[in-house]
Amino acid sequence: MRKNIVAGNWKMNTTVPEGVQLAKEVVEKSKEVPAEVGLIVATPFTHLCPVAEVLKGTRVELSAQNCADKEKGAYTGEVSVGMLVSTGAKWTILGHSERRQYYGETDAKLVDKVQLALAAGLKVILCVGENLDEREAGKHFEVVKTQTENVLFHFTAEDMKNIVIAYEPVWAIGTGKTATAEQAQEIHACIRKVLAGKFGAQVADDTTILYGGSCKSSNAKELFAQPDIDGGLIGGAALKSDDFIAIAKAF
Ligand code: 13P
């Protein structure tokens with residue numbers, strides 16, 4: 001059985017003290033969320049160590065938002081998977097559209113990053129999603145299918161146990177424009193079909209697929225009620241503990 005997860009992607013927000021405070025509030029309020037719902041906070045690199053201290057012994061898991069595509073060495077400014085593991089992080093987001101769009105993240109680079117992350121024992125939240133032009137041209141299924149295949153077809157059914165997929169239509173991120181529950185559901189079902197074709201029905205059925213893009217407490221219930229939507233990757237609404245927890249309570 002796949003797990004329901006609500007993950008907060010803090011992006012480039014909060015100072016270290018603000019992040020520590022936010023993490024404390026999430027831990028405190030996590031009691032209100034059914035135990036079977038997985039809770040993750042994805043903080044900036046600088047926050048990982050102090051937030052790991054806050055999360056120690058709690059149900060809330062720690063994630064990074066990216067990792068280097070090299071193991072170690074002379075790569076100024078980069079952060080390796082080994083460094084992430086040493087902070088206490090259990091997860092990393094990879095392939096977020098903001099990284100694809102602004103920092104030239106390619107599917108090929110993502111294969112290397114996912115490989116390194118899994119080898120280091122990190123779990124991965126791999127993001128896919130079409131932009132507005134692609135949606136308007138009716139290419140959304142094709143784009144998401146290609147992104148999924150380009151990265152995940154390099155991995156095994158066993159690897160898939162440690163990979164979660166997040167469908168984030170770029171036109172819905174930070175815009176207040178959520179995909180309708182039907183629009184999200186049909187893409188999630190398509191992703192699951194792609195997984196079934198490669199890895200078999202069991203793996204497809206066991207893989208958690210999150211929705212992201214202007215997800216908030218007012219629309220989470222309808223989104224999470226869809227058969228192939230297993231939770232959310234939350235941006236803006238993850239920066240307020242009440243909003244984040246309200247979303248997690250929407251199951
Ligand atoms: P918003 O929830 O702010 O639209 O961001 C979604 C997102 O990009 C999460 O990774």
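Just follow the structure's listing: the first ligand is 1, and inside any ligand the first atom is 1. We're numbering straight along the sequence, starting at 1.
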Output the list of atoms in ligand 1 that are nearer than 4.0 Å to some heavy atom of Gly213, sorted by atom number. 4 (O), 6 (C)
Looking only at heavy atoms, is any part of Ser97 under 4.0 Å from ligand 1, and if so is it the side chain, the backbone, or both, or is it neither? neither
Using salt bridge (charged side-chain N to carboxylate O under 4.0 Å, His left out), reason through Lys56 and Glu53 one step at a time and then give a plain yes or no. CA-CA 5 Å; Lys56 208 175 261 173; Glu53 278 303 309; 3.1 Å; yes
With a 4.0 Å cut-off, would you call Asp206 and Lys161 a salt bridge? no
With a 4.0 Å cut-off, would you call Glu98 and Lys11 a salt bridge? yes
Among protein heavy atoms, which lies nearest atom 2 (O) of ligand 1, and at what distance? Gly235 N, 2.9 Å
Is it true that Lys249 and Glu32 make a salt bridge, defined as a side-chain N closer than 4.0 Å to a carboxylate O? yes
Look at the side-chain heavy atoms of Ile, Leu, Val, Met, Phe, Trp and Tyr, link any pair under 4.5 Å apart, and say whether Leu233 and Leu94 land in one connected group. no
Note the single closest protein heavy atom to atom 9 (C) of ligand 1, along with its residue, its atom name and the distance in Å. Glu168 OE2, 2.8 Å
Side-chain ion pair, Arg2 and Asp205, N-O less than 4.0 Å: yes
Looking only at heavy atoms, is any part of His96 under 4.0 Å from ligand 1, and if so is it the side chain, the backbone, or both, or is it neither? side chain
Could a heavy atom of Ala172 be found less than 4.0 Å from some atom of ligand 1? yes
Arg100 with Asp107: basic N within carboxylate O range, under 4.0 Å: yes
For atom 3 (O) of ligand 1, what is the closest protein heavy atom, and at what distance to 0.1 Å? Gly236 N, 2.8 Å
What do we get for Asn9 next to ligand 1 when only non-hydrogen atoms under 4.0 Å count, side chain, backbone, both or neither? side chain
Under a heavy-atom criterion of less than 4.0 Å, does Ala237 contact ligand 1? no
So if I count the atoms of ligand 1 from 1 in the order they appear, which ones are less than 4.0 Å from some heavy atom of Gly174? 1 (P), 3 (O), 4 (O)
Atom 5 (O) of ligand 1 [closest protein heavy-atom partner, distance rounded to 0.1 Å]: Lys11 NZ, 3.2 Å
Side chain to side chain donor-acceptor pair (under 3.5 Å) test vs Asn66 passes for just one of Lys113, His96, Glu78, namely Lys113
